[in-house]
Amino acid sequence: MYRRWVDAGYFRADPSSGKDPFCIVIPPPNVTGSLHLGHAMDHTLIDVLTRRARMQGHDALWLPGMDHAGIATQSVVERRMAAAGEPDRHAIGRAAFVEKVWEWKAESGGSILGQMERLGDGVDWSRERFTLDEGLSRAVATVFKKMFDDGLIYRAERLVNWSPALRSAISDIEVDHIETEGELVSMRYGDGDASVVVATTRIETMLGDTAVAVHPGDARYAALVGTEIEMPITGRMIPVVADDYVDPEFGSGAVKITPAHDPNDFEVGRRHDLPMPTIMDETGTITGTGTRFDGMDRFEARTAIREELRAQGRIVAEKRPYLHSVGHCSRTGVPVEPRLSLQWFVHVEPLARSAGEAVRSGETVLHPKEQAKRYFDWVDNMHDWTISRQLWWGHRIPVWYGPDGEVVCVGPDEEPPSGEGWRQDPDVLDTWFSSGLWPFSTLGWPDETPDLERYYPNSVLVTGYDILFFWVVRMMMFGTYVMGKAPFRDVYLHGLIRDEHGKKMSKSKGNVIDPLALIEDYGADALRFTIARGSNPGTDMSLSEEWVAGSRNFTTKLWNITRFALAKGADPALPLPAAELRTDADRWILGRLAEVRAQTDELLDGYQFAKATEGLYHFAWDELADWYVELCKTQLDDPATEPGTRAVLGHVLDALLRMLHPIAPFVTEALWTALTGGETVVTAAWPTAGGTGAPVDAAAAARVADAQKVITEVRRFRTEQGLPDRKAVAARLTGLDAAGLAAHERSLRFLNRLDPAGDDFAATASFEVATAGGPVTVELDTSGAIDVAAERARLGKDLAAAEKERDQADRKLGNPKFTEKAPAEVVDGIRARHATAVADIDRITARLAALPEA
RNA sequence: GGGCGCGUAGCUCAGCGGGAGAGCACUCGGUUUACACCCGAGCGGUCGCAGGUUCGAACCCUGCCGCGCCCACCA
């Protein structure tokens, strides 16, 4: 039922509270229409944290992100209009379209989520419906009013970033600076002595020039300052002003000033009280200049004006291509046009200061901490925020204008002024204005609700680092301002998902991977596991289908381990065998479980998803499946150890499945319920130190390692001798007792298909394995001559490795400075390695000498 | 222009002062008491380059080269 992918949001938990029902709210991606792997990353990590917190007995829930719901609303309305054969939104205009959106919202039960509910996925959306619509609108109006009254919101005519494509103002952060090939044209204004040369990359703006500026200390132009020169084309007389802004070293040392179309020029214009004519309309078309260029697109005009000036002989230099940085609208990719217009702004300085303070004081911790520098750089140098948008969708600005110039900000519970001539501001708010209220508006604010009391501040925010400035900073500012407390204890910033070669996914490159297709092919668990496994804090991950396939293989492995366990009657409800009855393998795997459990907790507490996942992967596959399951097969054949083995296997698998559940919920749910008979692993207890059953037994672990070494060496011998794995070979094993491995003989023989040595045993091959407990000699009757060349090669390789080891150790130990200065345990370690290497060399050399000539 | 980060096996990445690792890919061999989405055994690296610190450097410092991201009002 909850086998759905999830949309962006954040999660919160309060460890001190009692339990209450777990809530996984998952908007279906086919409705939001905006699901991509970036969301999958958010959702996976959020869900991992939520599920684990839940299993730990915490009250944990999370809510979907809102901006996607907004986008979805707009797109659903557009689709409805298209279906009804209505003209598109551009044809009917902004005001009419917004009316339609509200109309649709009322019809659909007030929210996008109401619409989702009708899709019948059985999720209760009631809470979200409230928070996303009525609640949020009220919160937005409340905050706006409060900030307006506090003087933190003001309206001003400023030069803003204008997107001619959106026909709207956009904020600084929505502008991408891109290196662009343009042209730098130098031209002469005025004539004779009363002339200067200026350079520009945007020659069309000369129609709006109202001055030429030079540096006050520049002797070349001292005589001109205060005089006027004649502009080409318009014939206007414009002053030459002196301003520190000009760099006398750059170009000619003189700058044309277009106050209404360039941020620097705007400031110069203000200082010198220059006129500020706007020469372009909201689409970037030249207008109102009284020249023949009116009606031309800005880029068309650029060429036309340049050629006109060239014809007049005023172009003195051209540099093309001229590489420079040009601001582009991040939504539409169109070059931004700075434009003088009346907009609403937030005075961010006091808000940004408290947002910065919250992190500096440790009230909120950023993970990874390297991101804090970026955060501070941003928060400490933030410009005022343009919040009004001339867009199609959003919360409307709650300000009404009266017939006599009155300006009234209307609070959420107030009636707007009515009567002749009153009208509401036509603009809407930047989506990040409302998004920034998320941590408390979802909890019922501005009402003082029990939820707000209980869940604010939230525990942790999980999101991509690319959204640090857009969303995180806004939430921090609003949270500290409105609530007096930062909204989160922790902020975990994950990296972005790239393609298999580390390239950013983009539609134009065609390397976008659809998460739903991956889920279809490999299962949701496989994708989640892949994402968790690749999520190192702050670093991007490359995701390819091969990785997802590998994760799918892992879930299959879990399936097979459990199938084996069930077939053998493994049962976590059985009591673990008394300590003295446990085999080495039992002690070892229980000890490893305890270690892995502790490590997993530590890593997840620190948001180290990749390492935690990797640790569980290797424990499950390399240790449990490859070794314990194999070693326990002989234990299961022995009545003395059989019940204990079933208990240990069940116990370890139970704990493992519980720890894997947050990462791979579906497969673990199926396997865990089958193994334990429990109702659901979702509400099972997270393994704790007290619950893993056994302390680490280093001696047992060492004996298991020795047994593994013997087994591996025999396998190696067999492989290189070309002895098929399935062929049973008679063997005599000596030295096991001395090495403490007597109890392991059955496993050794079983796993290597070594039959007992009968009366007619005649060893045709033998070798010695050096274990920590002592040497073990393996003699084999291979019923024929061994491949001497292969054996020589095998031993030769071992010998070379041992000699290299010995030589390295010799070199270190022969250096008196090393033995004097290095810590004693390091020196002892090298001595031990040296001794082992020498013993290996002796042994191997003897073996080689004993081999018959090839 | 400033800041941050990264260059380790064919690919994607871990390791961040004392024996070069993982997954995938590749080679060879496999119908063992779960698993071919598997099992076993292998091959594969002057850890970007050059200096420095240290008894010891993939790891710390400096410089350089290459790459990525973020920020930036120089015509």
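Every chain is numbered from 1, with letters handed out A, B, ... down the list of sequences.
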So, is the end of the A:Arg158 side chain (NZ or CZ) under 6.0 Å from the ring centre of A:Phe345 and within 45° of the ring's axis?
yes
In whole angstroms, how far is the [atom2] atom of [N] from the [atom1] atom of [X]?
X        : N     : atom1 : atom2 : result
A:Asp243 : B:A75 : CG    : C1'   : 13 Å
A:Glu204 : B:A75 : CD    : P     : 14 Å
A:Arg753 : B:G30 : CZ    : P     : 15 Å
A:Arg646 : B:A34 : CZ    : P     : 18 Å
A:Leu813 : B:G56 : CG    : P     : 15 Å
A:Glu545 : B:C24 : CD    : C1'   : 13 Å

Do side-chain atoms of A:Asp571 reach the backbone of A:Gly650 as a donor and acceptor pair under 3.5 angstrom?
no
Report the nucleotide, chosen from [options], that has the shortest atom-to-atom distance to any side-chain atom of [X].
X        : options             : value
A:Ala822 : B:A72, B:G42, B:G18 : B:G18
A:His177 : B:C4, B:A72, B:A75  : B:A72
A:Trp547 : B:G68, B:U33, B:U12 : B:U12
A:Asn536 : B:A41, B:A14, B:A34 : B:A14
A:Thr719 : B:G40, B:C74, B:C43 : B:G40
A:Ser542 : B:C74, B:U12, B:G23 : B:U12

Looking across every strand, which nucleic acid part, if any, lies under 4.0 Å from [X] by heavy atom: base, sugar-phosphate, or nothing?
X        : value
A:Phe266 : nothing
A:Arg715 : sugar-phosphate
A:Arg498 : sugar-phosphate
A:Pro816 : nothing
A:Lys797 : sugar-phosphate
A:Glu820 : nothing
A:Val246 : base
A:Asp247 : base

Any side-chain donor paired with an acceptor under 3.5 Å for A:Trp672 and A:Asp654?
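There is such a pair between these side chains.
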Whether the A:Thr645 and A:Glu642 side chains hold a donor-acceptor pair (N or O, under 3.5 Å, no angle test) is what I'd like checked.
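No, no side-chain donor-acceptor contact under 3.5 Å.
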Any Lys/Arg nitrogen of A:Glu183 or A:Arg306 sitting under 4.0 Å from an Asp/Glu carboxylate oxygen of the other?
yes
Using side-chain contact (heavy atoms from CB on, under 4.5 Å) as the criterion, list what pairs up with [X], not counting sequence neighbours.
X        : value
A:Ala801 : none
A:Pro639 : none
A:Thr556 : A:Arg552, A:Asn560
A:Leu751 : A:Glu630, A:Leu631, A:Ile711

Going by atom type alone, with no hydrogens or angles, which donor-acceptor pairs under 3.5 Å involve a side-chain atom of residues 321-329 of chain A and a protein atom two or more places apart or on another chain?
{"residue": "A:His328", "atom": "ND1", "partner": "A:Val326", "partner atom": "O", "Å": "2.9"}

Partners of A:Tyr221 by ring pair (Phe, Tyr, Trp, His ring centres under 6.0 Å), sequence neighbours excluded?
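Applying ring pair (Phe, Tyr, Trp, His ring centres under 6.0 Å) to A:Tyr221 gives none.
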Near RNA chain B, under 4.0 Å by heavy atom, which residues of residues 619-630 of chain A?
A:Trp621, A:Ala625, A:Asp626, A:Val629, A:Glu630
Please list, by residue number, the residues of residues 550-563 of chain A whose heavy atoms come closer than 4.0 Å to an atom of RNA chain B; answer none if no residue qualifies.
A:Arg552, A:Asn553, A:Thr556, A:Lys557, A:Asn560, A:Ile561, A:Arg563
Do the side-chain N or O atoms of [X] get closer than 4.0 angstrom to the phosphate oxygens (OP1, OP2) of [N]?
X        : N     : result
A:Lys373 : B:G2  : no
A:Arg202 : B:A75 : no
A:Lys633 : B:A34 : no

Return each pair, listed once, that meets side chain to side chain donor-acceptor pair (under 3.5 Å) where at least one residue sits in residues 246-261 of chain A; pairs must be two or more places apart or across chains.
A:Thr205-A:Lys256, A:Asp209-A:Lys256, A:Asp209-A:Thr258, A:Lys256-A:Thr258
A:Arg746: salt bridge (Lys or Arg N to Asp or Glu O under 4.0 Å) partners, not counting sequence neighbours:
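Once residues adjacent in sequence are excluded, A:Arg746 has no partner under the salt bridge (Lys or Arg N to Asp or Glu O under 4.0 Å) criterion.
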Salt bridge (Lys or Arg N to Asp or Glu O under 4.0 Å) pairs touching residues 804-819 of chain A, sequence neighbours excluded, are A:Glu805-A:Arg833
When you measure only distances, ignoring hydrogens and angles, does the side chain of [X] come within 3.5 Å of the base of [N] through a donor and an acceptor?
X        : N     : answer
A:Lys568 : B:U33 : yes
A:Ser325 : B:A72 : yes
A:Arg833 : B:G19 : yes

Output the pairing pattern of RNA chain B as a dot-bracket string, 5' first, Watson-Crick or G-U wobble with both distances under 3.5 Å, | for cross-strand pairs, [ ] for crossing pairs.
((((((((.[[[[.)..(..]]]].(((((.......))))).....[[[[[..)....]]]]])))))))....
